[in-house]
J.: 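My questions will all concern the structure given below.
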Amino acid sequence: MSAASTSGPAPALVLRPATRADLPAVLALLADEDKVVDPAQIAVTDAHERAFAAIEADPRNEMLVLVEGGGQDTGETVVGCLQATYIPGLGKGGAERSLIEAVRVRADRRGAGLGRTLMREAAARARARGCRLLQLTSDKRREDAHRFYTAAGFTNSHEGFKLAL
């Protein structure tokens with residue numbers, strides 16, 4: 001996979017499982033979707049550590065990062081992320097479904113196709129697992145995100161509900 005660029009060869013884009021070293025960059029993406037947050041300014045708490053460890057240990061969960069650049073030790077930059085949870089179910093012939101959460105593309109990189117790449121690769125991973133459905137929820141206030149998901153082929157088919165516990 002590669003991104004389009006007008007100034008020479010495009011840096012390689014790779015979607016891969018996040019590592020502990022990616023945690024500050026992921027938290028920076030989740031901290032503010034409207035501006036770029038420096039991962040060095042992010043405080044990784046014990047709660048974040050526990051949550052990441054639980055995701056990493058669970059074969060039905062993966063935190064994925066879209067990275068650009070060289071290898072992890074040679075200047076790779078996290079430009080997007082999402083969490084995929086694979087849910088077994090009796091519907092759809094007993095097939096799994098993939099629930100996508102925490103989708104973010106770095107604010108200064110939007111509009112260049114990275115979100116499409118992120119979702120296309122997440123769908124490919126889900127298909128490879130045998131999932132028959134990719135689903136997500138999005139805050140009702142995120143109208144730009146809704147337009148993006150519709151353009152990416154998602155249909156607004158359900159009304160979502162939450163109960164704070």
Side-chain angles (χ1 to χ4, degrees), residues 1 3 11-89 96-126 128-129 131 133-146 148-149 152 154 158 160-165:
M1 183 191 343
L13 287 172
V14 175
L15 183 69
R16 63 165 173 74
T19 65
R20 169 54 188 86
D22 298 318
L23 190 51
V26 169
L27 294 174
L29 288 172
L30 297 174
D32 189 331
E33 66 183 86
D34 294 323
K35 66 179 182 180
V36 176
V37 175
D38 180 0
Q41 303 303 312
I42 294 296
V44 178
T45 67
D46 288 342
H48 293 128
E49 295 281 4
R50 284 190 304 274
F52 183 79
I55 292 166
E56 195 172 43
D58 184 347
R60 292 199 177 278
N61 270 287
E62 48 185 6
M63 189 72 212
L64 301 171
V65 289
L66 185 63
V67 295
E68 178 180 74
Q72 208 165 342
D73 298 327
T74 60
E76 209 175 55
T77 301
V78 174
V79 294
C81 68
L82 63 79
Q83 181 177 347
T85 301
Y86 303 103
I87 305 168
E96 282 189 339
R97 67 185 61 213
S98 178
L99 175 65
I100 303 297
E101 294 284 336
V103 178
R104 294 291 188 279
V105 170
R106 230 173 74 162
D108 63 342
R109 299 300 307 278
R110 293 199 190 116
L114 299 181
R116 285 188 302 276
T117 298
L118 187 61
M119 298 309 289
R120 183 180 61 244
E121 294 299 315
R125 290 176 80 88
R129 282 185 67 105
C131 291
L133 182 69
L134 189 64
Q135 65 186 38
L136 56 83
T137 60
S138 182
D139 189 299
K140 288 185 177 197
R141 296 169 291 187
R142 298 184 69 216
E143 293 177 6
D144 289 341
H146 302 166
F148 167 76
Y149 293 131
F154 288 82
H158 289 71
F161 298 89
K162 293 184 179 185
L163 176 64
L165 301 176

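Note that the coordinates shown come from a computational prediction; the quantities given were computed from them, not determined experimentally.
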J.: Looking only at heavy atoms, which two atoms of Thr77 and Arg106 are closest? And how far apart?
T.: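 Looking at all heavy atoms of both residues, the shortest contact is CG2-NH1, 3.6 Å.
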J.: Are the side chains of Arg142 and His146 in contact, using a 4.5 Å heavy-atom criterion?
T.: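 With C-beta onward as the side chain, the pair touches.
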J.: Has Arg129 got its NZ or CZ under 6.0 Å from the middle of the six-membered ring of Tyr86, at an angle within 45 degrees of the ring axis?
T.: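 Geometry flag: set, cation within 6.0 Å and 45°.
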J.: Atom CG in Leu114, atom CG in Leu66: separation rounded to 0.5 Å?
T.: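 It comes to 6.0 Å.
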J.: How far apart are the C-alpha atoms of Leu15 and Leu118, what are their side-chain angles, what is the distance that settles it, and do they pass the side-chain contact (heavy atoms from CB on, under 4.5 Å) test?
T.: CA-CA 7 Å; Leu15 183 69; Leu118 187 61; 3.5 Å; yes
J.: For the residue pair Glu56 and Ala18, what are the closest heavy atoms and their distance?
T.: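 For Glu56 and Ala18, the tightest heavy-atom pair comes out as OE2-O, 4.3 Å.
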J.: Check each of Val26, Asn61, Ile100, Leu99 against Gln83 using the side-chain contact (heavy atoms from CB on, under 4.5 Å) test, and report the only one that passes.
T.: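 Testing Gln83 for a side-chain contact (heavy atoms from CB on, under 4.5 Å) against Val26, Asn61, Ile100, Leu99 leaves exactly one candidate, Asn61.
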J.: Find the distance between CG (Leu136) and CD (Glu101) and round it off to the nearest 0.5 Å.
T.: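 Result: 8.0 Å between the selected atoms.
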J.: For the CG atom of Leu64 and the CZ atom of Arg125, what is their distance to the nearest 0.5 Å?
T.: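 Between atom CG of Leu64 and atom CZ of Arg125 there are 5.0 Å.
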J.: Is there side-chain contact between Arg20 and Val44, with at least one heavy-atom pair below 4.5 Å?
T.: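 Heavy-atom side-chain distance check passes, below 4.5 Å.
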J.: For Leu82, is there any backbone N or O sitting under 3.5 Å from a side-chain donor or acceptor partner on Arg104?
T.: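 No: the side chain of Arg104 does not pair with the backbone of Leu82.
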J.: Any side-chain heavy-atom pair from Met119 and Val103 closer than 4.5 angstrom?
T.: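 A side-chain contact under 4.5 Å exists here.
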J.: Within a strict 4.5 Å, meaning less than it, do heavy atoms of the Pro17 and Met63 side chains meet?
T.: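 SC-SC contact between Pro17 and Met63 ruled out.
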J.: Do side-chain atoms of His48 reach the backbone of Leu27 as a donor and acceptor pair under 3.5 angstrom?
T.: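 Here the side-chain-to-backbone pair does not exist.
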J.: Taking all non-hydrogen atoms of both residues into account, name the closest pair between Ala28 and Val37 and its distance.
T.: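 Reported closest heavy-atom pair: CB-O, 3.4 Å.
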J.: SG/Cys131 to CD/Glu96 distance, rounded to the nearest 0.5 angstrom?
T.: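 Between Cys131 SG and Glu96 CD, I get 5.0 Å after rounding to 0.5 Å.
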J.: Which pair of heavy atoms, one from Val79 and one from Leu29, lies closest together, and at what distance?
T.: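 It is C-CD1, 4.4 Å.
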J.: Taking side chain as C-beta onward, heavy atoms only, is Glu121 less than 4.5 Å from Arg16?
T.: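 Of all side-chain heavy-atom pairs linking Arg16 with Glu121, none is under 4.5 Å.
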J.: I need the minimum non-hydrogen distance between Ala107 and Glu33, along with the two atoms involved.
T.: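 For Ala107 and Glu33, the tightest heavy-atom pair comes out as CB-O, 3.8 Å.
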J.: Would you say Asp22's side chain and Thr19's backbone share a donor-acceptor pair under 3.5 angstrom?
T.: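 Such a contact is found between Asp22 side chain and Thr19 backbone.
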J.: For a 4.5 angstrom cut-off between non-hydrogen side-chain atoms, does Asp38 reach Val36?
T.: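 Side-chain contact under 4.5 Å: no.
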J.: Which atom pair, heavy atoms only, marks the closest approach of Ile42 to Pro24?
T.: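 That closest heavy-atom pairing would be CG1-O, 3.9 Å.
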J.: Answer yes when Asp58 and Arg60 have at least one side-chain N-carboxylate O distance shorter than 4.0 Å, and no when they do not.
T.: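 Looking at Asp58 and Arg60, the cut-off is not met.
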